[in-house]
Amino acid sequence: MDALQAYICAVQIDSQHSAAWTNLGILYEQNLQPADAMVCYKKAVELSRNLDGEGYYDPIAKLQARIKAISRQLNSKSGTGAAQHSSLPQIQEAWRLPIPAQLTSKKEKSTDCD
């Protein structure tokens, strides 16, 4: 749960941070929550496209491959009626998680710089 809170805090501080969205997607995928992973990966692809080659690593092709694989996985599970076990809160619920004090103070410091 600490990693989830850290990644959520990271994207709250900088919603344009494609690497944080990618890492959040990886965390969800590792916890067998492909639908949530796909939401994060799609956001990361959208943000990576907006970088316009500013010298950043371009993860779009790998992320698109993951999105396709997850989509196939979700489509095959929907036909079997298999329930998805969620070990982490879904992405929509994660936004309402309390952020630990040490991360909150970092968030306040970063917004003070604006």
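The nearest pair of heavy atoms linking P34 to Q73 is CB-OE1, 3.9 Å. G25 and A37 make their closest contact through O-CB, 3.3 Å (heavy atoms, listed as atom of the first residue, atom of the second, distance). I8 and A94 make their closest contact through CD1-CB, 3.7 Å (heavy atoms, listed as atom of the first residue, atom of the second, distance). The two atoms that bring T22 and A44 nearest to each other are OG1-CB, 3.3 Å, heavy atoms only. Taking every heavy atom of both residues into account, A20 and Y7 meet most closely at O-CD2, 4.4 Å.
If you take CD on Q16 and OG on S48, they are separated by 11.0 Å, rounding to the nearest 0.5 Å. Note that CD of E46 is 9.5 Å distant from CH2 of W21, once rounded to the nearest 0.5 Å. Taken from NE2 in H17 to CG in N23, the straight-line distance is 8.5 Å, to the nearest 0.5 Å. Taken to the nearest 0.5 Å, the OG atom of S71 stands 5.0 Å off from the CE atom of M38.
The closest side-chain heavy-atom distance from I26 to Y41 is below 4.5 Å. Residues I91 and C40 meet the side-chain proximity criterion, which asks for heavy atoms closer than 4.5 Å.
No option in L4, L88, D36 other than L88 meets the side chain to side chain contact (heavy atoms under 4.5 Å, CB included) test with N31.
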